[in-house]
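To start, the structure itself, in structure tokens.
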Amino acid sequence: MKDSSKKQATTAIDARKDRLALVSDAKKAHILAAAKEVFEEHGLDGANVREIAKRAGYTPGAIYSYFTAKEEIYGALLADSLERLNEAVSNSLGGAKSSVQRAEQSALGFYEFYASNPRDLDLGFYLFGGARPYGLTPELNAKLNTRLRDSLQHFELALLELGASPKLAKEEVTAFFAHCVGLLILENTHRIRMFQENSAKLCVTYIKQVIERVKSGGKV
């Protein structure tokens, strides 16, 4: 076979592989979309691969060619959610010109992502079936926790720039995370109305308090 013919054959094979990869990615995305609906309706305990397959219009066997179990599907959905969270927080920093602005905008970006996407909050904190992880492997759980932690790195780095020690910055980020989650749960369950308060406003106030504490060396 001439070199030109070999090159054409290789190009054709590569093109076919690319098409198959695109089809595979599209099918996987379709499965994940169907699975998200099933998890939202039935929780992780009540969901099963058969129902996910039915919702997606596939056979259970087709699902197993992409995922080994429903927990793996759940993990894939959570991984995608965390990537979007990190992207949203990074985008929130646009235009920030000072450490104070980076602290404020990154922390508020975290809050606003989950306030605008309550189902992602459910995924992020395992609330489909209760406030504990279900059947995720230690390796996957560690990877997902790392990406969740990454979304708070901009905030922590800004606090360090403002003069916080590594210990103080870590403590403040942890406290912010706990405070933010509480506000988000109150907001997304509408129980914030019981207090006649605005959760977003309370979050902003808390972020400003964190910044003031850090600037004063943790003495406020």
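We count residues from 1, following the sequence as given.
Between E87 and E83 there is no side-chain heavy-atom pair separated by less than 4.5 Å. Side chains of L85 and D120 form no contact here, defined as non-hydrogen atoms less than 4.5 Å apart. Annotation: side chain of S199 is in contact with side chain of Y111 (closest heavy-atom distance under 4.5 Å). Considering only heavy atoms from C-beta on, Y206 stays 4.5 Å or farther from L183 through its side chain.
Distance alone, capped at 3.5 Å, places no donor-acceptor pair between the H154 side chain and the S90 backbone. Side chain of E156 to main chain of A169: no donor-acceptor pair is present (N/O by atom type, distance under 3.5 Å, no hydrogens or angles). With hydrogens and angles disregarded, no donor-acceptor distance shorter than 3.5 Å links the side chain of S116 to the backbone of F113. The backbone N or O of L77 lies less than 3.5 Å from no partner atom in the side chain of S81, so there is not a single donor-acceptor pair. Under a 3.5 Å cut-off, the side chain of S92 and the backbone N or O of Q105 do form a donor-acceptor pair.
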Requested in this report: Assess whether side chain to side chain contact (heavy atoms under 4.5 Å, CB included) is satisfied between L123 and L82, documenting all intermediate values.
Outcome: CA-CA 9 Å; L123 275 171; L82 292 173; over 6 Å; no
Query - Step-by-step side chain to side chain contact (heavy atoms under 4.5 Å, CB included) determination, H30 to K27 - result: CA-CA 5 Å; H30 184 63; K27 287 182 177 179; 5.5 Å; no
Requested in this report: Could you walk me through whether V173 and L159 pass side chain to side chain contact (heavy atoms under 4.5 Å, CB included), step by step?
Outcome: CA-CA 9 Å; V173 169; L159 296 182; 4.1 Å; yes
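With a 6.0 Å radius and a threshold of 12 heavy atoms from other residues, nucleotides or ligands, R149 has its CZ atom above the threshold. The number of heavy-atom neighbours closer than 6.0 Å to CZ of R84, taken from other residues, nucleotides and ligands shown, is above 12.
Under the side chain to side chain contact (heavy atoms under 4.5 Å, CB included) rule, V38 has a single partner from I52, V49, N48, I73, which is I52.
Of all heavy-atom pairs between S151 and N86, the closest is N-OD1, 3.2 Å. A107 approaches F176 most closely through the heavy-atom pair O-CZ, 3.4 Å. A pairwise comparison of heavy atoms in L162 and A103 identifies CD1-CB, 4.5 Å as the closest pair. P60 and A53 make their closest contact through N-CB, 3.7 Å (heavy atoms, listed as atom of the first residue, atom of the second, distance). Taking both residues in full, the closest heavy atoms of Q101 and G95 are given as OE1-O, 3.9 Å, listed atom of the first, atom of the second, then distance. Residue T189 comes nearest to L186 through the heavy atom pair OG1-O, 3.5 Å, listed as atom of the first residue, atom of the second, then distance.
A salt bridge is defined here as a Lys NZ or Arg NE, NH1 or NH2 lying under 4.0 Å from an Asp or Glu carboxylate O, and D25 with K28 fails to meet this definition. Taking 4.0 Å as the cut-off between side-chain N and carboxylate O, K167 and E171 count as a salt-bridged pair. A salt bridge is defined here as a Lys NZ or Arg NE, NH1 or NH2 lying under 4.0 Å from an Asp or Glu carboxylate O, and R55 with E51 meets this definition.
When the side chains of ILVMFWY residues are joined at heavy-atom separations under 4.5 Å, either directly or via intervening members, L93 and L152 end up in two distinct hydrophobic clusters.
Checked against the 6.0 Å centroid criterion, the rings of F155 and F110 do not qualify as a close aromatic pair.
For the atom pair CG (L78) and CG (D122), the distance works out to 11.5 Å, reported to the nearest 0.5 Å. Once rounded to the nearest 0.5 Å, the distance linking CG of N198 with CZ of R193 reads 12.0 Å.
Below 30°, between 30° and 60°, or above 60°: for Y74 and F39 the angle between ring planes is above 60°, a perpendicular geometry.
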